[in-house]
Structures are given as structure tokens and as C-alpha cells.
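The chains referred to below are lettered A, B, ... by the order of the sequence lines, with proteins before strands, and numbering in each begins at 1.
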There are 4 protein chains.
Amino acid sequence: MTPVRRSGPDLTEAIMRTTLELGQELGYAKLSIEAIAARAGVGKHTVYRRWPSKGALLLDSLLSRSASALDYPDSGDLRADLRRQIHEAVGLLAGGPLSPLFKSLVGEAQHDPGVAEALNERFIAPQAAKTVARLEAARDQGQLSPDFDLDLAMAILSGPLYFRLLITGEPLTPEYVDRVLDALFAGMAPRP
Amino acid sequence: MTPVRRSGPDLTEAIMRTTLELGQELGYAKLSIEAIAARAGVGKHTVYRRWPSKGALLLDSLLSRSASALDYPDSGDLRADLRRQIHEAVGLLAGGPLSPLFKSLVGEAQHDPGVAEALNERFIAPQAAKTVARLEAARDQGQLSPDFDLDLAMAILSGPLYFRLLITGEPLTPEYVDRVLDALFAGMAPRP
Amino acid sequence: MTPVRRSGPDLTEAIMRTTLELGQELGYAKLSIEAIAARAGVGKHTVYRRWPSKGALLLDSLLSRSASALDYPDSGDLRADLRRQIHEAVGLLAGGPLSPLFKSLVGEAQHDPGVAEALNERFIAPQAAKTVARLEAARDQGQLSPDFDLDLAMAILSGPLYFRLLITGEPLTPEYVDRVLDALFAGMAPRP
Amino acid sequence: MTPVRRSGPDLTEAIMRTTLELGQELGYAKLSIEAIAARAGVGKHTVYRRWPSKGALLLDSLLSRSASALDYPDSGDLRADLRRQIHEAVGLLAGGPLSPLFKSLVGEAQHDPGVAEALNERFIAPQAAKTVARLEAARDQGQLSPDFDLDLAMAILSGPLYFRLLITGEPLTPEYVDRVLDALFAGMAPRP
DNA sequence: TAGTAATCGAGACGGTACGTCAAGTCTTGTC
DNA sequence: GACAAGACTTGACGTACCGTCTCGATTACTA
């Protein structure tokens, strides 16, 4: 039994993997850096050297698994593209096994400004920017009323979904996503 | 020196008051039942007898200060009524000194199902129900398109606001509220 | 279901019975007045009205079961009488189910002067006095050397037994009692 | 202000010292690990890491102060040697400022088997063994009757002393020690 | 016989301490 | 110099009892 001596990026990766593993088992509240370090076979120092808090560590760990969802298609059909992208995001945040951790991370952001900022900069804002960019492309092609506020459109799209996810806890079904899309398009459609 | 012996409702009220006081000073994360009990001059048991967790205690404490915001006016002018009610809620949750605590409570709800449920049943759901009821009244008077989904309308109204409050952290200005209302009414208006 | 209302001596008796019951189940350390009151179906006040401490309550409870052992026979045969009496006491304190409680009570007496005094006055001293009295009777009949210190004899008899009981924990067998008696009589016998 | 970081044996020693200090001030019953840790400027964990219970801690603390009393002289004069050794022990256990703590420790041993065993193995048994060894040496030199049970002799010597110390509370004077010794030697003397 | 006092059960109360857990810092020795 | 291991102080957890204290029933004695 050789106690493998690892270093650098390997360790970082291993710690994040362990964080997600343990996080899924215990839930965010019972997750501790102590336990993560122990399970990963790593000194606590090695964790603290890399991340300043449990929230920051979880954020990195989650994002390392979600890079894929950031791609945005442009098939020419705006509605289909939005739909597809949202479903992908919903599947990740609301459906998959990491959903509780993601929700807890948003929770943590409520009292940890560092986490809030990082979460915004590295996940929320890029996603929003891409949605807005896709909407702009559509508007430039005359598919949307030219005077509709596209930032607002993005908020009307995202808001109700996060509202369900974080507040009412109602399920985020595909039907619900479609209903939101319907309502949004009804308001955004170019007036003849 | 008479060590005043308090009981029942007095104590409950005093503990909740202390909770908000200390919560504002320290923030939710550093708030502890230990400290609350000490500051309130009360045994820890006396707190635990009443509330199962820090979150539950904070929820009660906050709600005891927010009963007022629940009233909903019906002046005949739907838009004005919605506007007024939302501004009142926003002032409470996003502007006032209790705003950070309220946000943290929503955060806590992400990993404490008990808090989530109570928050929903006692604050979110009643507010939503009143909004929907107001919308129904308007629809029955022909002010709204009869086939518009009013639950969805409520979500489109609340969603973007909570999105800003909890996720992006952008300010919840009156202008923003108006923009959301505009977009909503554009979609809900009866088609000629 | 009539919640029987008891009073006075009945209650006192019932509480002591419960004390011994629970004490045997839990051991002295884990025994609490709280639990005794609950098990006896009695308010805590009702216990505190009667006894000032757990030790005092246990002392009374134990003595109420040990009155019998106090009798001392005088059959004319000193050695046989001592033997019989000691065996009876040993059976009670070192063998029976109450032995651990009795030992704990002596333990309690080490830091509770009230218990120490009561234990002495109501149990130890009377027993010792009777032993000494029996020895005096024997001496007056010429069975013992007239110049032997009878208080010391009593201590040489009791000491080694309590030493085993409380300190070394070795078993208090009949053989051991006999050995002590032999040694004592060797020293006390009248010199021809 | 350098918050001196101590470690290992230093800490162990400091905690034991504090234990005796506080124990003398408060008495065993009111002594708490909480208070010891606080007074020693140490985390509670640091105490619990070393000792499983208050009793175990006190035992170690007391023994660390009593190593001296264990030596046994052999001057050739058995009686004088016994006398000297017993007086030393009595001075420590019954006279000095640690006497109440020692008595309480014996009390604790009555309901904590771990303490009982450790007390026996580390204090009582070694002392007894040395006494017996000294007696054996004397017997081998013909100073004692060859058929006298030396374990019993030790018990007859110790028993009455502990009996006074723990049970009757009468003072352990030098005269009393001498009386016990006289009686013992009367029984142990070789028969002509 | 009515009124009053004592006693009861129940359990809330302010405390103190328990023994556990994790936080974040620091030290030690290995690779 | 990075690492594992883990000791350290700190502080909070949630629990258990302590001994005191109300609170309404009963119950029994007194007027």
C-alpha cells in the first residue's frame, strides 16, 4: 500500500470530486471541510490553501461539472433555441443529483458576498449574456419587436423558473417552461 | 433586586425581538441561538422549547414584523393596486434593515425543508394567493384577457423581482418594477 | 382512569421505592431526581419537599430496606455471633442488588458532609455500637483479654471488609471473613 | 501579545496543575472540565483528548503529586519502617490540602469502574505490594511467625485507617496508627 | 357547610455543564 | 516548498438536570 503522493492540479481535482461526492451524501449543511479533507486523504491546509470557504469550494466544484451547459445554439429558430437551452439548464439545476447542492449554493450566496459575486460572474452573468445575445440576434433579423427590452425578456424568462426552484419548490416541468415561453413570445412578438 | 420572572407570550415576543436585533448586528451566519438566549436573558431551553432551529426562529421573528404588508387593496385600478402592493413588499424585503435577514432566510430554506415549507405556507403562498385573487377580480370585470393564465402572471411579476433580489443582486428600483408591470400588462391585455 | 391522588406517607414510600428501582437500573451516577419524579408520577417539588439532595434520598431509601440487618444475637458464643452478624451485613452491602447503590452512597458521602453525617449516625455508628456492646459482654464474661481495646477490635473487624468493598474490589467471601475473625481472635484471646 | 502556543507534555502538566488548584478551591463536586479548561487557557477538546472523564483527570493529577510517597525503607526495624511509611501516606491522604480530593476520588471510583481500576492498579496495589514485600522480608528473617497470612496483615493495617478516613471521619492521629500497629504485632509475633 | 390553607401534578424557567463537532491556525516531519 | 497528519483555541451545538417558580386542581382542616 503506497500512500500515493499527489500534487498540484491532481489534488485540486480530487478535492472537488470529493466535495461533490460528500455533498450529495450529506447535503450542504452537514458538509464540512474537515470531512472533505479526510475523505480525500488530504490535509486541511491543502484545502484552505486553495479555497477560502466551503461555499467557494462548492462553487468551483459545481462549475467544473457544468461547463458544458453553457453552449448556446443558433439554429435560426429562436424559440427552439431558447427552449433547448433552458431545458438543458433546468435539467442540470433542478433535476440532476447536483440540484440540491446548487440550490444550497444560491442559499449560501445570500450571506456570503464573495460567493454571491463569484456565482454571478462565473455562472449567472455569462448565461444571461448569452441569452441576451441570442435575443439580439433574433431582433436584428426582425423576429422580435425592435422596442422590447431584451434584458427584461431574459428576466421574465429566468425569473419564474428560479422562483419555482428556490421559493415555491414546485416542479420545473417542461410544460411550465413552455408556458413561460408562450407568454414571453406573446409579449415580444412584433406588432404587425 | 427582583429577578423578574417572565412567562409565556412575553418571553416569546422578547426572544423574537432579540433575534432581529442581534441578527441585524451580526448577520444570519454569525447569529447563534446561544447568543440570542444570552442577550434575551433566557435559558437556551426556553428558545428550543419554542423553535426547532435558528431558521424557524428567524422566520417567526420576521413574520411578526411583516403582518402589515399582507393587505391588498382593491381600488378598481388593477395596475395601481399591484404597483402599490409590490412596492410595499419590495420596501420590506429589499430595502429595509431586515432585508439581509430575509434573504438569508430564503437561503436557509434551500437546505432546511422545514423552513422552506413554513416560509412558503406562511408568507409566499398567501401573498401569491392574494395577487392571484386580485387578478381574477380584474379578469371577471373584463380588464384582462379571459384566457390568460393568472398563476403565470403572478410568477412573471414575482420572478424577476426575486431574481434580482436573490441572484443578480441588482437594485430593485421602482422603475424596474414598473418595467415588469408594463411588460406583463402588454401580454395580459384583452385582445380587441 | 382516575389519576389517583396520593398523599403523605404513601408518597414518601412510593418515591423511595422508585429511587431504588431506577437506581438499580441506571446506577447512581445516571440517577436523577428529575427521572425519579417522572417515574413515580410525582412533581419534582414533592421530592424536594422531602429530601434536600439525591444522596439524602438514596440514603433514606436504602435504610428503609435494611432495618432488619441491625439485630444482634447473643447466643453465648461470641465468635459465632460476630460471624453471623457480619455475614448478614456483607450479604446486604456486598452481595445483593443494592450493593452498587450502597457503595455509591459511601462515595457520595466523600463530598457531601450532610450525607456523610447521616450515614454515620443512622447506619455506621449504630452497627459499630452494637458490635462493641457484644464484645464488651464477652469481655465481662472473661472470654476476652480484659485489656484489649474493643473499639479497635471493631475497626480491625470492619476495616478490612470495607477496604475490600470500597477500594480493592476483591470479593468478600465467607472465607475471607473467617480469616479476619481468626486473626482478630488470635490477638484478643486472654493470655493464660 | 504573542498567544503562546503550547504543546504536548507542557499542556498535560499545566492542565493537571490547574485541576488540583481548582479542585482545592471548589471541591470535587463543583469541579468541572469546562472550568478547568477555561482556567488553564485550553480548549475542552484538549482535555478530553487526554482524559476520558473528570475522575481520570483527577487521578492523574493527584498521582503526579504523590510519586514520592511510594518509596519504602528497609532499615532492619520492621515496625519502624511500617510506621514511617504509613505516617507518610496518612499525611498525604488524610492531612494535606489534597485530602478532600483524594477522598472524593475514592468516592468516584464507587460508580466509575474505569477510575476504580486505575486507582487500584496505579496507587493501591503498588502500595500494598510494597508493604507485603517488606513483611515478607521480615518473616524470612524470622521476625514474624512463619504461618501468618501477610496479605491479611496488610489489610488489617490499611483497613482501619481507610475506615476512619472514608467512613467514620474520625481523625487519623499518629496515636491511632500506633494502636493499630500494636495490635497487629501482637497477633503476628512468632510464638515461642 | 363554607372557606381556606396545604399539597399535589405538571412543567416552565434561568442556569450550568455536558460531550461533540467543526472552524481556521499552527507545528511537525516526510517526500 | 508542498504535503499528511493532526494538535491547538475557539465557539456553538443540542441535551440533561439542577433547584426555583408558577399554575390550577384536589384534598383536608378550620371557622
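Not counting sequence neighbours, the partners of D:R39 by the side chain to side chain contact (heavy atoms under 4.5 Å, CB included) test are D:T18, D:E21, D:L22, D:E25. With sequence neighbours left out, C:N120 forms a side-chain hydrogen bond (donor to acceptor under 3.5 Å, both in side chains) with no residue at all. Remark: B:K54 pairs with no residue by the side-chain hydrogen bond (donor to acceptor under 3.5 Å, both in side chains) rule, at least two apart or across chains.
Per the geometry, CG belonging to D:L57 stands 15 Å off C1' belonging to E:dC18, to the nearest Å. One atom, NZ of B:K30, and another, C1' of E:dG24, lie 12 Å apart when rounded to the nearest Å. As a whole-Å value, the separation of A:L26 CG from E:dC21 C1' is 13 Å. Spacing between atom CG of A:L31 and atom P of E:dC21 amounts to 16 Å, rounded to whole angstrom units. Rounded to an integer number of Å, the gap from CZ of A:R39 to P of E:dA22 is 13 Å. Atom CD1 of A:I36 is separated from atom P of E:dG24 by 11 Å (rounded to the nearest Å).
Contact of the C:I167 side chain with the D:L166 side chain is registered, since non-hydrogen atoms from C-beta on lie closer than 4.5 Å. Counting heavy atoms from C-beta outward, A:F123 and A:L62 have side chains that stay 4.5 Å or more apart. With a 4.5 Å cut-off on side-chain heavy atoms, D:L98 and D:L93 do not count as touching.
Phosphate contact (OP1/OP2 of E:dT7, side-chain N/O of C:R50, threshold under 4.0 Å): absent. Between D:R49 and F:dT9, a side-chain N or O to OP1/OP2 separation shorter than 4.0 Å is absent. Dashed line: the shortest gap from a side-chain N or O of B:T46 to OP1 or OP2 of E:dA12 is not under 4.0 Å.
Checked against F:dT9, E:dC8, E:dG14, the side chain of C:L11 finds its nearest nucleotide in E:dC8.
Closest heavy-atom contact between B:S53 and B:D112: OG-OD2, 3.9 Å. Taking both residues in full, the closest heavy atoms of B:T46 and B:R50 are given as O-NH1, 3.1 Å, listed atom of the first, atom of the second, then distance.
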For residues 101-109 of chain A, which side-chain N or O atoms pair as donor and acceptor with protein atoms under 3.5 Å away, sequence neighbours left out?
unit_1 : atom_1 : unit_2 : atom_2 : d
A:S104 : OG     : A:P100 : O      : 3.4
A:S104 : OG     : B:H111 : ND1    : 2.9
A:E108 : OE1    : A:Y28  : OH     : 3.1

Pull out every protein N or O sitting under 3.5 Å from an N or O of nucleotides 14-16 of chain F, one pair per line with the distance.
unit_1 : atom_1 : unit_2 : atom_2 : d
F:dG14 : OP2    : B:Y48  : OH     : 2.5
F:dG14 : O5'    : B:Y48  : OH     : 3.4
F:dG14 : N7     : B:K44  : NZ     : 2.9
F:dG14 : O6     : B:K44  : NZ     : 2.6

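Of the residues in residues 102-113 of chain C, none has a non-hydrogen atom less than 4.0 angstrom from any atom of DNA chain E.
Judged by closest nucleotide on DNA chain E, C:V42 is the one of A:A35 and C:V42 placed further toward the 5' end.
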